[in-house]
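Just so you know, these numbers use all the heavy atoms, side chains as well, and skip hydrogens, waters and symmetry mates. Note that the structure is predicted; figures quoted are calculated from it, not measured.
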Amino acid sequence: MNMEFNPLDRLTQEQVNTWVQEGQQRSQFGQLPSYIPQLAQVNPQEFGVKILTLQGQSYQAGNQTLRFPVMSVIKCFLLLNRLLELGQERVFQQVGDQPSDQPFNSLEQLQSDGGWPRNPMINSGAIALAGLLPGQDANSRCQYLCSWLNQFADCQLVLDQDILESVRSAPNPKNLALVSTLAASGYLEHPDITLDTYNQICCLSATISDLAKLGWLLLQPTNPEWESAIRIVKTLMITCGLYETSGHFALKLGIPTKSGVSGAVLSIIPLQGAIACYSPPLDPQGNSIGGLFFLEKIVKTLNLSLFN
């Protein structure tokens with residue numbers, strides 16, 4: 001691909017508006033996550049999009065002021081932070097780099113791997129990395145990551161206390177089992193603090209513009225020395241970012257993408273731009289139906305796959 005010509009800049013606002021409307025229609029076939037009470041009560045027709053390109057173009061549609069928890073999208077930036085602060089060798093002593101064919105919260109996957117988390121994009125891997133954040137308690141660890149991201153991505157993440165209380169009100173037995181297994185296997189110290197840290201960082205809330213700015217951090221790093229870490233993050237987004245459907249979407253879309261059970265989806269088009277979507281209804285694997293539909297339309301129409 002000739003990178004002097006940016007296909008993403010061929011996008012029109014009319015196309016964005018049309019695909020958002022079609023994505024909203026598709027989203028009615030999804031489900032809201034019932035295991036987090038607050039997320040089960042959101043408006044399923046909400047749909048937000050923000051696209052930033054390296055050439056300075058910006059496209060948006062839907063509610064730009066609505067805040068939503070980033071949930072598992074934070075795993076990309078937890079990984080980035082730990083790679084930059086601790087180095088690749090230490091991070092991959094704590095977590096693997098291989099795709100999983102099991103759901104994102106699979107205890108069976110962790111047990112079959114001898115308690116070693118398969119990759120940083122599933123719950124066990126992100127929990128293990130959350131255990132490496134600096135701070136004496138979960139509050140200080142979450143605040144550290146939040147402040148770091150706000151500083152370097154120029155965004156306004158804040159901890160959503162209502163969502164956090166909702167998460168705490170219905171303790172997730174699968175995550176509790178993951179923590180217990182990680183601790184028993186020697187990959188986790190201070191299990192209670194670490195699980196609360198993980199819950200808090202997943203409950204950091206963003207607007208759709210904040211989510212796009214996080215993507216920009218992976219597109220245009222503030223420091224050239226970040227390039228190696230960012231390459232690792234984007235590679236794992238392709239191979240692991242959409243859970244057990246990652247391989248399928250690598251074939252179908254071919255761009256680094258990470259989803260969260262709130263309905264957030266973040267995609268990076270290297271050397272071109274960042275695409276942020278929010279649409280709450282999910283498919284059975286926990287990915288936003290409307291968000292992935294929107295991405296498919298934009299990627300296929302503009303021929304954005306890295307593998308073309």
Show every donor-acceptor pair shorter than 3.5 Å between a side-chain atom in residues 226-241 and any protein atom, with sequence neighbours excluded, or say none if there are none.
unit_1 : atom_1 : unit_2 : atom_2 : d
Thr235 : OG1    : Arg231 : O      : 2.8
Thr239 : OG1    : Thr235 : O      : 3.3

Under the side-chain contact (heavy atoms from CB on, under 4.5 Å) test, residues paired with Glu189 that sit two or more places apart: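 With neighbours one apart ignored, the set is empty.
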
Near-ring test Phe152/Trp148, centroid separation under 6.0 angstrom: yes

What side-chain donor-acceptor pairs closer than 3.5 Å can you find for residues 34-45, not counting sequence neighbours?
unit_1 : atom_1 : unit_2 : atom_2 : d
Asn43  : OD1    : Gln45  : N      : 2.9

Where at least one partner belongs to residues 212-224, residue pairs that pass salt bridge (Lys or Arg N to Asp or Glu O under 4.0 Å), sequence neighbours excluded: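 For residues 212-224: none.
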
Pair listing, salt bridge (Lys or Arg N to Asp or Glu O under 4.0 Å) test, anchored in residues 166-186, at least two apart: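 Output for this query lists Glu165-Arg168, Arg168-Asp196.
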
According to salt bridge (charged side-chain N to carboxylate O under 4.0 Å, His left out), who are the partners of [X], at least two apart in sequence or on a separate chain?
X: Arg90; answer: none
X: Arg26; answer: none
X: Lys252; answer: Glu296
X: Asp137; answer: none

Would you be so kind as to tabulate the donor-acceptor pairs closer than 3.5 Å made by side chains of residues 153-162, with sequence neighbours excluded?
unit_1 : atom_1 : unit_2 : atom_2 : d
Asp160 : OD1    : Asp162 : N      : 3.0
Asp160 : OD1    : Ile163 : N      : 3.0

For Leu182, the rest of its hydrophobic cluster, which grows through side-chain links under 4.5 angstrom: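 Reading the cluster by chain and number, Leu182 sits alongside Leu107, Leu110, Trp116, Ile127, Leu176, Leu178, Val179, Tyr187, Leu188, Leu195, Tyr198.
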
With Phe294 via ring-ring contact (aromatic ring centres under 6.0 Å, His included) - residues at least two apart: none

